[in-house]
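The chain is numbered in sequence order, starting from 1. In listed order, ligands and their atoms are each counted from 1.
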Amino acid sequence: MVSNNQTLDKVYTAQNHTELMDAYKDWAGDYDNDTVGRFGYVAHIASAEALDKALDRKDACILDAGCGTGLVGEELVKMGYSTMDALDYSKEMLDEAERKQIYRNHIQADLSHPLEMQDNSYDAVVCTGTFTYGHVKANAFDELIRITKPGGFICFTIREGAYEDYGYRQHMIELEQQNAWELTGMYETDYLKNEGVTCKMCTYKVLV
Ligand SMILES: C[S@@+](CC[C@H](N)C(=O)[O-])C[C@H]1O[C@@H](n2cnc3c(N)ncnc32)[C@H](O)[C@@H]1O
């Protein structure tokens, strides 16, 4: 496979879900080296830190939604969390995450559709790198809220540029107006450091 910025282009310019999953299929084995090593990906660290700041119990039950190869989970393990489920639509990315043996369950599911999970299943959900160009749309927030317990937290990144253009901002505000969640933290932070790309790191407390 091609381990340079063409990889990123392929992921960000995918025209449909099949193309996106093909891009991740090709990338899964090299994802960690490319993102962290070459592009200076640091969003997984920022996400784990944001979640850790919100949570007051290390035994919290956490869903890593759009887990990819498990970079966020690895950071959470270092912080002492151990009850984590992994969810991703790409089987190859999920397989890489499973190899790390840090998650309790490995769930292949599409975040853009209703999830086969009960209401209030998790104390927290972390979703890093999936609210971005051509990936998961803003309506996924509704399902993340549904599966999170009232009083629980949802931490996620939104890649710069996509925040306004992809309707994330608008839906985040709508959900606040509906008292579905309340914002507890949002700041700009590095995403792909070596590429000069930033993201918004958002933390919401679930109310319903
Ligand atoms: C940029 S990677 C981020 C992975 C990981 N969270 C990290 O921080 O390294 C985005 C992930 O979102 C997954 N993804 C994209 N669209 C998805 C969808 N509709 N449902 C579930 N996962 C999806 C991809 O397969 C990929 O693993």
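- Summarising the contacts of atom 25 (O) of ligand 1 with Asp88, Asp64, Val11, Leu87, the nearest heavy atom is found in Asp88.
- Under the 3.5 Å distance criterion, with hydrogens and angles disregarded, no donor-acceptor pair is assigned to the side chains of Asp165 and Tyr133.
- Contact check on Asp32 versus Lys100 returns a salt bridge, with a Lys/Arg side-chain nitrogen under 4.0 Å from an Asp/Glu carboxylate oxygen.
- Scanning all protein heavy atoms for the shortest distance to atom 1 (C) of ligand 1 gives Tyr24 OH, 3.2 Å.
- Heavy atoms of Tyr89 found under 4.0 angstrom from ligand 1 belong to the backbone as well as the side chain.
- Not a single heavy atom of Ala43 lies less than 4.0 angstrom from ligand 1.
- The shortest N/O to N/O separation between Leu111 and ligand 1 falls below 3.5 Å.
- Numbered from 1 in the order shown, with element, the atoms of ligand 1 that lie under 4.0 Å from a heavy atom of Asp110 read 18 (C), 19 (N), 20 (N).
- Atoms of ligand 1 lying under 4.0 Å from at least one heavy atom of Ala109, given by number and element, are 20 (N), 21 (C).
- Checking only distances, Tyr41 does come within under 3.5 Å of ligand 1, N or O to N or O.
- Taking any N or O of Thr130, backbone or side chain, none lies under 3.5 Å from an N or O belonging to ligand 1.
- Contact annotation: for Leu71 versus ligand 1, heavy atoms closer than 4.0 Å belong to the side chain alone.
- Using the six-membered ring where Trp is involved, Trp27 and Tyr24 have ring planes that are parallel, under 30° apart on the 30 and 60° scheme.
- For a threshold of 3.5 Å applied to N or O pairs, the pair formed by Thr69 and ligand 1 contains no separation below that value.
- Ligand 1 has no N or O atom lying under 3.5 Å from any N or O atom of Tyr191, backbone or side chain.
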Open item on the list: Evaluate Phe131 against Phe156 for ring-ring contact (aromatic ring centres under 6.0 Å, His included), listing each step before the verdict.
Closed with: CA-CA 8 Å; Phe131 294 115; Phe156 57 90; 5.5 Å; yes
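- Within the 4.5 Å cutoff, the side chain of Phe141 has heavy atoms near those of the Met172 side chain.
- In terms of polar-atom proximity, Leu20 is not counted as a contact of ligand 1, lacking any N or O under 3.5 Å from an N or O of the ligand.
- Here Val136 has side-chain heavy atoms under 4.0 Å from ligand 1, and that is the only part of it that gets that close.
- Interface atoms of ligand 1 facing Met93, defined by a heavy-atom separation under 4.0 Å, are 27 (O).
- By the criterion of a heavy-atom distance under 4.0 Å, the backbone of Cys67, and not its side chain, is placed next to ligand 1.
- Side chains of Leu51 and Leu76 form a contact here, defined as non-hydrogen atoms less than 4.5 Å apart.
- The single protein non-hydrogen atom nearest to atom 9 (O) of ligand 1 is Tyr31 OH, 2.8 Å, given as residue, atom name and distance.
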TODO: Would you check, one step at a time, whether the test ring-ring contact (aromatic ring centres under 6.0 Å, His included) holds for Tyr191 with Tyr41?
DONE: CA-CA 6 Å; Tyr191 188 72; Tyr41 184 68; 5.6 Å; yes
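- Of the charged side-chain nitrogens involved, at least one lies within less than 4.0 Å of a carboxylate oxygen, so that Asp52 and Lys58 count as a salt-bridged pair.
- Side-chain contact check for Gln170 and Glu174: at least one donor-acceptor pair (N or O, by modelled atom type) lies under 3.5 Å.
- No side-chain N or O of Tyr89 forms a donor-acceptor pair with one of His135 less than 3.5 Å apart.
- Those atoms of ligand 1 that come under 4.0 Å of a heavy atom in Gly129, given as number and element, are 1 (C), 10 (C).
- At a 3.5 angstrom cut-off on N or O pairs, His135 does not count as close to ligand 1.
- Side-chain contact between Ser47 and Val126: present, with at least one pair of heavy atoms (C-beta onward) separated by less than 4.5 Å.
- Ion pair Asp119/Lys149 not flagged as a salt bridge, since none of the NZ, NE, NH1 or NH2 atoms sits closer than 4.0 Å to an Asp/Glu carboxylate oxygen.
- Residue His44 has no nitrogen or oxygen atom sitting less than 3.5 Å from a nitrogen or oxygen atom of ligand 1, judged on distance alone.
- Inspection of the Asp142 and His171 side chains reveals an N or O donor paired with an N or O acceptor under 3.5 Å.
- In this comparison of Cys127, Gly68, Gly66, Ala65, the heavy atom closest to atom 6 (N) of ligand 1 sits on Gly66.
- For ligand 1, the atoms sitting less than 4.0 Å from at least one non-hydrogen atom of Met21 are 15 (C), 16 (N), 25 (O), numbered in the order shown with element in parentheses.
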